[in-house]
Number of protein chains: 2
Amino acid sequence: MNDSDEAAFLKAYDPEAFPRPSLAVDVALVTAHEARLKVLMLQREAQPFRGRWSLPGGFVALDESLDDAARRVLRDKGGLDGVYLEQLYTFGAPDRDPRTRVISVAYFALVDHARLVAAVESSSDRSAEPIAVASLDVPWPDEVPPAGAGPIALRRDDGEALPIAFDHADVLAVLVQRLRGKLDYAALGFQLLPDRFTLRQLQDVHEVVLARPLNKDSFRRRVLASGLVAATGERETDVVHRPAELYRFVRPSGV
Amino acid sequence: MNDSDEAAFLKAYDPEAFPRPSLAVDVALVTAHEARLKVLMLQREAQPFRGRWSLPGGFVALDESLDDAARRVLRDKGGLDGVYLEQLYTFGAPDRDPRTRVISVAYFALVDHARLVAAVESSSDRSAEPIAVASLDVPWPDEVPPAGAGPIALRRDDGEALPIAFDHADVLAVLVQRLRGKLDYAALGFQLLPDRFTLRQLQDVHEVVLARPLNKDSFRRRVLASGLVAATGERETDVVHRPAELYRFVRPSGV
DNA sequence: ATAATAGTGTCTCTCAGACACTATACC
DNA sequence: GGTATAGTGTCTGAGAGACACTATTAT
């Protein structure tokens with residue numbers, strides 16, 4: 001390739017030559033608590049879908065990468081930094097936003113429940129936008145929804161169902177599939193727990209995500225054999241029974 | 001939500017209010033042949049990256065879904081219709097295209113080798129754009145590349161290495177990870193074979209994708225037990241040894 | 001002591017890998 | 001018959017599920 005050719009070409013290039021839709025990122029901030037998967041949702045105060053609940057999102061700036069945009073959304077709307085973040089899927093149906101063509105690159109972030117609650121509280125101080133941590137009602141048991149499975153529903157702690165804006169129910173459906181599919185093969189479960197956790201807590205998280213009970217013995221064996229956890233020598237406190245050992249997540253070598 | 005409110009809002013909405021990058025789809029058209037994974041590549045005749053090889057791609061029209069755009073690219077540049085197509089990942093580094101900000105939603109398509117060769121030949125009649133079906137040199141053995149693994153390289157049948165345009169080496173790296181990860185859990189292998197195939201051919205495909213030998217007996221057992229294949233009663237012909245039974249892919253029930 | 005959960009030892013069942021053997025085509 | 005690959009029967013070892021048992025804390 002000839003560099004001066006390329007420089008001349010770039011000078012003459014017209015960036016308006018192709019149609020350009022708007023580009024947004026939406027972030028599902030996920031946690032697990034009390035046998036439920038939960039996500040942070042915001043109630044829309046503007047049209048479209050005013051009054052319905054949407055994932056936090058934002059438009060991508062021209063000089064920022066998609067990952068950076070997702071991290072910015074997480075920081076601005078969730079008050080969280082340094083959490084596990086992964087690109088999920090890109091949604092681009094022409095009519096998914098009635099305003100104009102908007103393509104949304106969906107991300108998901110995983111955080112332990114206590115940290116999410118703290119972040120939501122400090123975030124509510126800064127902004128009046130209604131915020132909720134809603135439970136997912138997943139109407140199918142396996143990784144992949146069978147044909148004809150209904151959409152995912154959201155329910156607040158007080159029991160009220162939250163109507164979902166845009167195609168965000170589809171985003172949540174893909175999210176649940178990704179979580180269930182990757183949980184055993186990647187270090188996702190740990191991301192939903194605090195730094196120190198018991199194996200029982202980790203099993204609870206897995207059971208919440210997979211929506212089925214797991215065998216205690218074989219779960220312990222598998223986790224300990226994976227080499228992804230290390231005993232700390234500490235034990236939990238303030239429990240009414242024999243306290244369990246606390247473990248911590250060990251990043252797999254070379255990654 | 002109030003419908004007339006929403007209608008009034010839409011009328012007043014200014015679609016120029018947010019920066020809008022260009023949006024493209026790129027499609028990796030994949031096949032397996034002679035113990036190699038292969039992809040269709042085009043040699044760029046324009047800047048940028050003139051002379052280097054890129055995945056077929058195109059900009060997304062404002063009234064077309066992402067999937068439709070990918071199918072259009074497949075039809076226009078590869079001459080193929082009705083093949084397996086799946087969204088892979090979205091690439092959005094600010095400098096990935098030196099012209100302007102271009103976000104690329106990458107797809108991959110799977111097709112059997114004979115069909116790809118036929119499509120390439122008829123496509124070469126229509127267009128003078130240099131086209132190649134290049135072998136992937138994957139420099140890591142497992143599903144996920146270890147830290148410090150080199151980039152994927154492309155090699156033509158005549159042995160010549162093809163320099164890669166844009167960030168398409170990254171696209172190919174994610175592609176290989178997806179293929180290796182999903183091969184056992186989803187019906188991907190069949191998509192790389194013609195309608196009728198022998199179990200040996202299917203095993204060859206799996207070995208090519210995973211880049212490691214598989215146990216014949218247990219592979220046969222697993223495939224037959226999966227219920228995804230059905231014997232046709234026919235046998236292969238023109239082989240110098242005992243002909244194997246031909247099987248066909250049976251779509252999993254309910255999908 | 002009792003209650004409750006943590007954690008371990010062991011048996012069984014399933015399944016992948018390995019090997020050996022038989023079957024069947026063309027030469 | 002020779003050769004090459006298809007296809008099957010059987011053993012073995014690894015690992016998950018199931019169950020029973022011991023351990024350890026608070027009350």
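Everything quoted here is computed from the prediction, not taken from an experiment. Order of the sequence lines sets the chain letters (A, B, ...), proteins ahead of strands, with each chain counted from 1.
Remark: P of D/dA6 and CG of B/Leu246 are 12 Å apart, rounded to the nearest angstrom. In this structure, A/Arg235 places its CZ atom 15 Å from C1' of D/dA26, rounding to the nearest Å. Regarding B/Arg220, its CZ atom lies at a distance of 12 Å from the C1' atom of C/dA23, rounded to whole Å. Residue A/Leu202 contributes atom CG, which lies 13 Å from atom P of C/dG7 at whole-angstrom precision. When rounded to the nearest whole Å, the span between CD of A/Gln203 and C1' of C/dG7 equals 12 Å. Going from atom CG of B/Asn215 over to atom P of D/dG13 covers 16 Å, rounded to whole Å. In this structure, the CG atom of B/Leu199 is 10 Å from the C1' atom of D/dA6, given to the nearest Å. Rounding to whole angstrom units, CZ of residue A/Phe219 and P of C/dG7 are separated by 13 Å.
Between the side chain of A/Arg242 and the base of D/dA23 there is at least one donor-acceptor pair of N/O atoms closer than 3.5 Å. Within 3.5 Å, a donor on the side chain of B/Arg221 pairs with an acceptor on the base of C/dG17, or the reverse.
Proximity of B/Ser218 to the phosphate of C/dG17: a side-chain N or O atom is located under 4.0 Å from OP1 or OP2.
For B/His241, the side-chain atoms get nearest to D/dT5 when compared with the rest of D/dG17, D/dG7, D/dT5. Comparing atom distances between the B/Lys216 side chain and each of C/dA6, D/dG7, C/dG17 picks out D/dG7 as nearest. The side chain of B/Arg222 sits closest to C/dA16 out of C/dG17, C/dT5, C/dA16. Of the candidates C/dC19, C/dA4, D/dA16, the closest approach to any side-chain atom of B/Asp217 belongs to C/dC19.
Of the residues near DNA chain D, B/Val240 and B/Glu245, the one whose nearest nucleotide (by heavy atom distance) lies more toward the 5' end is B/Val240. Positionally, the nearest nucleotide of DNA chain D for A/Arg212 lies more toward the 5' end than for the other of A/Pro243 and A/Arg212.
Relative orientation of the A/Phe190 and A/Phe249 rings is parallel, given thresholds of 30° and 60° on the angle between their planes.
Using a 4.0 Å cut-off between a side-chain N of Lys or Arg and a carboxylate O of Asp or Glu, A/Asp142 and A/Arg180 do not qualify as a salt bridge. Taking the charged nitrogens against the carboxylate oxygens, A/Glu234 and A/Arg196 do have a contact shorter than 4.0 Å, which makes a salt bridge. With respect to the salt-bridge test (charged N to carboxylate O, under 4.0 angstrom), the residues B/Asp217 and B/Arg221 do not qualify.
No hydrogens or angles considered: nothing links the side chains of B/Tyr247 and B/Glu245 as a donor-acceptor pair under 3.5 Å.
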